[in-house]
Amino acid sequence: MVATLVRTHCPYCSLQCGITLEANGSGVTLAPQPDFPTNRGGLCAKGWTAAELLGHPERLTTPLVRDDRHSPLRPASWDEALDRVAREFRRARAEYGRDSVGCFGGGGLTNEKAYQLGKFTRVVLGSSAIDYNGRFCMSAAATAAQRAFGVDRGLPFPLSDVAEADVVLLVGANPADTMPPAMRFLDECRARGGRIIVVDPRRTATAAQADLHLQPVPGTDLAIANGMLHIAVREGLLDETYIATRTTGFAAVRRGVRLYWPDRVERITGVTESDLVAAARMVGRAQRVVVLTARGAEQHSTGTDTVSAFINLALALGLPGREYCGVASITGQGNGQGGREHGQKADQLPGYRRLDDPVAREHIAAVWGVPADSLPQPGRSAYEMLDALGTPGGVRALWVLASNVAVSAPNVGQIRERLRQLDFLVVSDIFRSETAESADVVLPIAQWAEESGTLTNLEGRVILRNRAVPPPPGVRTDLEVIRALAERLDHHGFQDDPAEVFAELCRASTGGKADYTGISYERIAAEQGVFWPCPSPRHPGTPRLFTVDFPTPDRRARFHAVEHRGGAETPDAEYPYYLTTGRLAGHYQSGTQTRRVGRLRDAEPVATVQLHGSLAVRIGVRDGDPVRLRTRRGVAVLTARISPDVRADTVFAPFHWGGAESANLLTNPALDPHSRMPEFKVCAVAVDKYVPAHDSDVEGEQHDE
């Protein structure tokens with residue numbers, strides 16, 4: 001067999017690092033592309049081991065069906081499985097109405113699959129019930145960017161601009177663990193004499209390299225932003241010309257931040273007045289400043305307002321649109337950006353159009369060949385849809401694609417129960433995930449290197465994953481499954497060739513905020529990706545937004561006055577500590593993939609809870625002891641990892657495990673009123689040493705709110 005070299009991209013985070021796969025008779029080997037802009041030859045441990053997912057012994061290679069809820073899953077033919085799905089979808093619609101059938105997608109789906117899933121839900125099912133796990137990732141930042149700038153693109157500039165900054169302010173971001181290849185740009189920044197400020201309740205690997213680390217009480221980032229802007233106003237650090245000519249609404253913000261004098265902010269956040277002033281002066285006096293937020297600041301019931309507070313700071317300093325400056329949010333999932341651009345969210349249509357916009361509905365309906373009034377109105381957000389499964393008015397038959405909600409959803413004990421209350425659950429995945437274990441039908445799906453398709457990385461760069469190897473016998477692509485189900489439900493014309501679907505996606509995006517009209521597979525390959533908006537084949541693409549104006553009605557950016565509210569739940573006598581959650585360097589999302597890769601699993605074999613030494617002494621645990629965490633929603637048992645790098649009033653739990661180790665048994669589903677983002681990052685928790693005799697059924701010990 002002659003070896004073939006295929007240029008493609010890593011299956012994990014939003015960097016979408018360029019890699020080269022070599023397929024030969026003995027398997028597939030992987031190497032980084034030295035010239036791809038976001039990784040420049042670097043890869044993290046997950047990227048280096050990604051080829052181990054191909055040919056994995058636990059791969060699903062045949063459909064599985066359950067004859068009834070009391071029977072085990074058994075192998076079945078594709079015809080039997082798809083006929084069963086179509087029959088159950090028809091039955092639910094006939095008995096409960098169109099919105100009783102829903103789809104829940106994933107932030108790793110290609111643009112083509114996200115687009116086709118949204119079209120399938122709205123045209124074939126006629127349902128408003130669609131959302132995706134990106135709601136749990138980027139929704140707060142996306143909402144804040146939309147209302148400030150008129151458009152949401154995670155980074156409105158190339159990632160490499162970070163290297164040219166004089167100061168980088170990272171808020172709730174830990175790229176040293178979550179996307180290590182991106183650290184080279186911070187390293188280059190420091191090598192030029194630039195300085196790094198990190199805002200994080202933990203001394204993470206990123207914070208350890210910072211020039212200044214602000215270590216606030218979880219859930220108080222907004223007060224820090226308002227406090228920094230207060231100091232900037234007081235010390236005359238504002239760009240008054242920029243404010244006057246390129247923005248609106250600053251007067252209300254100026255009045256609001258008067259209340260955030262530094263000693264008050266210190267009382268709210270625990271960050272000393274001297275550190276707050278130092279941070280404000282570093283940012284306010286530098287010529288080139290980049291402000292980056294991530295999940296630590298955004299996954300809150302106040303997430304949209306928190307991001308808005310940092311946008312206010314950036315606008316007041318005149319950063320957006322200036323060379324090597326700006327404010328942005330670091331997208332997490334591989335296609336978290338593209339997934340929300342093309343119709344996978346409950347309120348959106350392709351091209352980043354709003355589903356409740358009559359003009360947008362007419363345009364998309366024309367592309368799809370259906371009447372505009374046949375399209376449903378916006379549906380429920382991700383958690384709201386999951387929380388209503390199996391209830392009157394809720395989804396009764398659910399299709400989950402490339403998501404593991406039985407691990408990743410907040411208050412996951414409740415969501416597991418809601419999954420059990422469904423009349424019918426079908427799951428498409430590459431492995432038998434925790435969610436698949438509850439399914440009535442499981443469909444084996446091709447993965448990243450076994451199919452082609454585009455993704456949109458954290459910069460808004462549309463890139464192309466190329467197929468390197470065929471899927472195992474018996475495995476189909478998501479596009480093939482969508483087409484087969486559409487035909488069984490009497491809708492023909494759905495394409496399953498990725499290039500044909502992408503061409504239709506581009507037509508649907510024409511004139512939208514995320515305009516892909518001028519992008520093609522050929523251009524992507526020739527140019528190492530194309531930045532949207534790109535409204536024509538002759539257009540060069542748009543690496544940097546806002547250089548001239550903003551896509552708002554008056555072409556100005558908008559300030560929004562916001563106030564600190566804190567977490568929806570704060571410590572008390574019964575639950576005296578803060579819990580915050582996040583990622584580890586060796587794992588990704590719900591761990592469905594990474595917990596099956598030997599080197600990654602062996603490096604982090606169990607779920608740990610990071611706690612300060614003083615807390616460990618107080619509850620009588622040593623490093624490696626089991627620790628019980630209790631919140632108003634449930635109980636989890638994790639292994640103690642004692643560290644001085646976390647606040648004494650805070651514990652940190654990673655969310656990559658299921659079962660009794662699931663951090664999301666504990667998390668609070670309180671929703672941001674603007675974005676419907678759940679409050680993953682802070683809740684009140686009780687912490688004590690785990691004594692097995694006292695908890696015979698830890699996972700089942702749930703608590704009412």
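All values below were derived from every heavy atom in this structure, side-chain atoms included, with hydrogens, water molecules and symmetry-related copies excluded.
- Considering all non-hydrogen atoms of both residues, Phe502 and Ser520 come closest at CE2-CA, 4.1 Å.
- Pairing each heavy atom of Ala663 with each of Pro654, the nearest pair is CB-O, 3.4 Å.
- Within the structure, side chain to side chain donor-acceptor pair (under 3.5 Å) contacts touching residues 357-372 (residues at least two apart or in different chains) are Tyr115-Trp368.
- Judged by distance alone, the side chains of Glu298 and Thr293 do bring a donor and an acceptor atom under 3.5 Å apart.
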Donor-acceptor pairs are to be reported for all side-chain atoms of residues 489-501 against protein atoms at under 3.5 Å, with residues two or more places apart or in another chain.
unit_1 : atom_1 : unit_2 : atom_2 : d
Asp490 : OD2    : Arg90  : NH2    : 3.1
Asp497 : OD2    : Ala499 : N      : 3.1
Asp497 : OD2    : Glu500 : N      : 3.1

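- Judged purely by distance below 3.5 Å, without hydrogens or angles, the side chains of Arg340 and Gln337 pair a donor atom with an acceptor atom.
- Closest approach of Gly529 and Ile463 over heavy atoms only: CA-CG2, 4.3 Å.
- Taking His300 as the reference, nothing meets the ring-ring contact (aromatic ring centres under 6.0 Å, His included) condition, with sequence neighbours excluded.
- Side chain of Arg295 to backbone of Gly172: no donor-acceptor contact under 3.5 angstrom is found.
- Taking the charged nitrogens against the carboxylate oxygens, Glu487 and Arg483 do have a contact shorter than 4.0 Å, which makes a salt bridge.
- A side-chain donor from one of Asp515 and Thr517 sits under 3.5 Å from a side-chain acceptor of the other.
- Residues forming a ring-ring contact (aromatic ring centres under 6.0 Å, His included) with Phe136 (at least two apart in sequence, or on another chain): Phe680.
- Within the structure, every pair that satisfies the ring-ring contact (aromatic ring centres under 6.0 Å, His included) test and touches residues 390-448, not counting sequence neighbours, is listed here: His56-Phe431, Phe120-Trp399.
- Remark: the Thr121 side chain and the Ser127 side chain contain no N/O donor-acceptor pair separated by less than 3.5 Å.
- Using a distance-only test at 3.5 Å, with no hydrogens or angles considered, a donor-acceptor pair links the side chain of Arg135 to the main chain of Ser675.
- In this structure, Arg416 CZ and Ser438 OG are separated by 9.0 Å, a value rounded to the nearest 0.5 Å.
- Scanning for side chain to side chain donor-acceptor pair (under 3.5 Å) contacts around Glu434 gives Asn404, Arg595, with sequence neighbours left out.
- The residues Arg147 and Asp305 are annotated as salt-bridged, a charged nitrogen and a carboxylate oxygen being separated by less than 4.0 angstrom.
- Under the salt bridge (Lys or Arg N to Asp or Glu O under 4.0 Å) criterion, the residue pairs touching residues 377-392 are Glu384-Arg676, with sequence neighbours excluded.
- Residues passing the ring-ring contact (aromatic ring centres under 6.0 Å, His included) test with Phe655, sequence neighbours excluded: none.
- Between Leu155 and Ala328, the closest heavy-atom pair is CA-CB, 3.8 Å.
- Rounding to the nearest 0.5 Å places CD of Glu451 at 6.5 Å from CG of Asp478.
- Checking side-chain atoms of Arg633 against main-chain N and O of Thr667 turns up a donor-acceptor pair under 3.5 Å.
- The side chain to side chain donor-acceptor pair (under 3.5 Å) search around Asp672 returns Thr304, not counting sequence neighbours.
- The stretch residues 93-103 participates, sequence neighbours left out, in these salt bridge (Lys or Arg N to Asp or Glu O under 4.0 Å) pairs: Arg91-Glu95.
- Of the possible polar contacts, one joining the Asn335 side chain to the Leu109 backbone as a donor-acceptor pair under 3.5 Å is found.
- With rounding to the nearest 0.5 Å, the separation of CZ in Arg396 from OG1 in Thr391 is 7.5 Å.
- Tyr383 has its side chain out of reach of Asp131: every pair of non-hydrogen atoms, C-beta onward, lies at least 4.5 Å apart.
- His656 is linked by a ring-ring contact (aromatic ring centres under 6.0 Å, His included) to His587, counting only residues two or more places apart in sequence or in another chain.
- Between the side chains of Thr456 and Tyr516, at least one donor N or O lies within less than 3.5 Å of an accepting N or O.
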task: Verify salt bridge (Lys or Arg N to Asp or Glu O under 4.0 Å) between Arg84 and Glu80, making sure each step is shown before the conclusion.
output: CA-CA 6 Å; Arg84 172 83 175 277; Glu80 180 186 0; over 6 Å; no
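- In terms of heavy-atom proximity, Val462 sits nearest to Ile524 at O-CG2, 3.6 Å.
- Side chains of Glu112 and Thr454: a donor-acceptor N/O pair is present below 3.5 angstrom, by distance only.
- Between the CG atom of Asp429 and the CD atom of Gln447 there is a distance of 10.0 Å, given to the nearest 0.5 Å.
- You'll find the side chain of Leu15 stays beyond 4.5 Å of the side chain of Asn457, heavy atoms only.
- Side-chain contact of Thr62 with Arg74: a donor-acceptor pair under 3.5 Å is absent, judged by distance alone.
- Within the model, atoms CZ of Arg153 and CD of Gln146 stand 13.0 Å from one another, a figure rounded to the nearest 0.5 Å.
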Throw together a table of side-chain donor-acceptor distances under 3.5 angstrom for residues 466-475, partners on residues two or more places apart or in other chains.
unit_1 : atom_1 : unit_2 : atom_2 : d
Asn466 : ND2    : Arg7   : O      : 2.9

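- Pairing each heavy atom of Asp440 with each of Leu73, the nearest pair is O-CD2, 4.1 Å.
- To the nearest 0.5 Å, atoms CD (Gln593) and CD (Glu58) are separated by 12.5 Å.
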